[in-house]
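Here the structure comes first, spelled out in structure tokens, and everything after it is commentary.
Here is the naming used below: chain letters follow the sequence lines, and residue numbers restart at 1 for every chain.
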Number of protein chains: 2
Amino acid sequence: MYEFKLGNKTLFLKDDSQNPTYSYKDRASNLVSAFAKENKITTIATASTGNAGSSLAGICASQGQQAIIFVPASAPKAKLTQIMMYGATLVPVEGTYDDCFELSIAASKQFGWYNRNTAYNPLTIEGKKTASYEIFTDMHKQAPDFIFVPVGDGVIISGIYRGFEDLLKLGIINKIPTIVAVQSAGSSNLVGNLGSNQPQFSASNTIADSIAVDVPRNYYMAKKFLEKYEGKGVIVKDSEILEAASDLSQNYGLFTEPASAAAYAGYQKYAGKFGFPKNSKIVIQLTGSGLKDLDAVKSISKFPRAIKPKLNEVEKFLEERKK
Amino acid sequence: MYEFKLGNKTLFLKDDSQNPTYSYKDRASNLVSAFAKENKITTIATASTGNAGSSLAGICASQGQQAIIFVPASAPKAKLTQIMMYGATLVPVEGTYDDCFELSIAASKQFGWYNRNTAYNPLTIEGKKTASYEIFTDMHKQAPDFIFVPVGDGVIISGIYRGFEDLLKLGIINKIPTIVAVQSAGSSNLVGNLGSNQPQFSASNTIADSIAVDVPRNYYMAKKFLEKYEGKGVIVKDSEILEAASDLSQNYGLFTEPASAAAYAGYQKYAGKFGFPKNSKIVIQLTGSGLKDLDAVKSISKFPRAIKPKLNEVEKFLEERKK
């Protein structure tokens, strides 16, 4: 976790790209893999937009287990390459994440595999709650005032709530932080339904592939947590996500994937709309590495022309940039 | 660091891809950036095959400093994207790393920038020696018997020697580990010249871009350390590097860049040739993430065909794989 003083508030960037497979998903995969090991299960399947799959593939590889990963064929190349390199069985599906979800459950039942699907397997939330304990520890045994979390299926945010709820029930903290669910405008089926009893789900379309889901699989639990603890919701556009990716990289030296940038964009939007009380301690949960989806930032990172290795060429190059 | 028991030896995989910019180079960039800050220097330049550049760019971004990065135009796309995202000035050069090296020094003198070049700036070795302290700490205050290090310029290996030399001089350890320099057959200008007083340098050509250098800039220091402490050298082919990348991913769940895989290939080669004494403790130094160079593993990670989201299609897919 990185700490930055900004005027009278403090920003904490919790960087989960530094897990073994470079995403938050390792927290859940570890627990699922350990449970399987204890129960002598050797094959684990999952549906994934890419991160859960590359995570499960990596963790299974280290534990001598077989992983079978269903992904939309359009998932980012880096995540697919990771899955292949770890020696997992990659099943690219002509369809959405939601198609992969249903298919992986049907196939798990048919072939007797253990299924890791996010929200389907209850251990995923148990694994994901460890972030709360770490945030608390990283902050020298205090809870932050706000946490911004990128939301797709709603499992990470539920896990974070559950972790802080544990700390509350144990009397270690005395209130739950204000947790802000951030979704992409192209996939806002949780935040868009907050306050409504008749949820409407529409098809997703966003550059933030990690949080692109049509039907949030942990909808009811995430919504219940947000309502119980007065959490908030923010929706950000793809253009705001890209700008946030650029801000995060240029101001904090953190190159993150679009889903993480969405959380940061949500923080910026929230700050503009509502502001924060003085001396607020704010955590932004970053979920994966920018190296996992280079195409997402193609439009904002055009390479300059190459020069010949001559000093006067450097001079010309620098002058051109000034214009 | 990850620990694996293998028969009567223990393998420790030291994973530097979990640094803020996903490579070993952050150890040096941090110190150079801190020195610049203390001395009110705001612009830092470097030549790089990609990792040193993306590292300096990221660290400078977090510190409000300007970075100017000279890279061969052929450097991996992920590293170039990182440099751009961090807001550094990227100068792609039509030439080799060695051309970039000379050009960056000439330009630094001309324009008054501080230069971070590996081996040129003495702080790079000081920063890089921190890995030795960490290895010692990770191993609960003992030194390993062997360390395999991927070698390009020779700065990382010199840094690791210097770190253990510090521990030796302080009486904290009583012998320097056997350090094995691993180079690619396509860029073996240090190992190839061990034992010779008339070094021959030839042009580099290897998939391990991070250790592709024509003239090792820290040649004499690295050679002196290897000779003084009876270090060894191993040369591995690109095909062995690819196979090692696959082994590391599939057996340990670590997807690393080719330079790291080279170190592991060197370990395998050394094991086959000389073996290890019983109960040896062996460290493999991994220097960067596999996400940084996806093209390198293209030939060994071909994606399977996509299927329609139907259970019978899964069945067919699995049967085809068996053949």
Non-hydrogen atoms of chain B under 4.5 Å away: do they reach the side chain of [X], the backbone, both or neither?
| X | answer |
| --- | --- |
| A:Leu318 | side chain |
| A:Ala57 | neither |
| A:Arg321 | side chain |
| A:Glu102 | neither |
| A:Phe317 | side chain |
| A:Ser17 | both |

What closest approach, in Å, do [X] and [Y] show between heavy atoms, and which atom pair accounts for it?
| X | Y | answer |
| --- | --- | --- |
| B:Pro304 | A:Met84 | CD-SD, 3.8 Å |
| B:Phe255 | A:Tyr22 | O-OH, 3.4 Å |
| B:Pro309 | A:Val93 | CB-CG1, 3.7 Å |

**OP:** Working to the nearest 0.5 Å, report the span between CG of B:Leu248 and OH of A:Tyr86.
**Re:** 10.5 Å
Subject >> Residue selection (most heavy-atom pairs with chain A, distance under 4.5 Å) from B:Gly87, B:Ala306, B:Ala245 >> reply: B:Ala306
Subject >> Over 12 non-hydrogen atoms of neighbours within 6.0 angstrom of NZ in A:Lys5 >> reply: yes
**OP:** Give a yes or no on this: more than 12 heavy atoms of other residues, nucleotides or ligands lie within 6.0 Å of atom CD of A:Glu243.
**Re:** no
**OP:** State, yes or no, whether a side-chain contact exists between A:Ser301 and B:Gln82 at a heavy-atom distance under 4.5 Å.
**Re:** no
**OP:** State, with a plain yes or no, whether a side-chain heavy atom of B:Ile300 is found less than 4.5 Å away from one of A:Met85.
**Re:** yes
Original post:
Considering only heavy atoms, which portion of B:Ile83 lies under 4.5 Å from any heavy atom of chain A: side chain, backbone, both, or neither?
Top reply: neither
Original post:
What part of B:Ser289 lies closer than 4.5 angstrom to a heavy atom of chain A: side chain, backbone, both or neither?
Top reply: both
**OP:** Would you mind telling me which of A:Thr21, A:Asp99, A:Leu90 has the largest number of heavy-atom pairs within less than 4.5 Å of chain B?
**Re:** A:Leu90
Subject >> Contact leader toward chain B among A:Val314, A:Leu103, A:Ile307, A:Asp15, where contacts are heavy-atom pairs under 4.5 Å >> reply: A:Ile307
Name the atoms and distances for all side-chain donor-acceptor pairs under 3.5 Å in residues 60-79 of chain A, with sequence neighbours left out.
from, atom 1, to, atom 2, distance (Å)
A:Ser62, OG, A:Ile59, O, 2.8
A:Gln63, OE1, A:Lys37, NZ, 3.0
A:Gln65, OE1, A:Ser33, OG, 2.6
A:Gln65, NE2, A:Ser33, O, 3.1
A:Gln66, NE2, A:Thr89, OG1, 3.0
A:Lys77, NZ, B:Asp295, OD1, 3.4
A:Lys79, NZ, A:Asp209, OD2, 2.7
A:Lys79, NZ, A:Ser210, OG, 3.1
A:Lys79, NZ, A:Glu257, OE1, 3.1

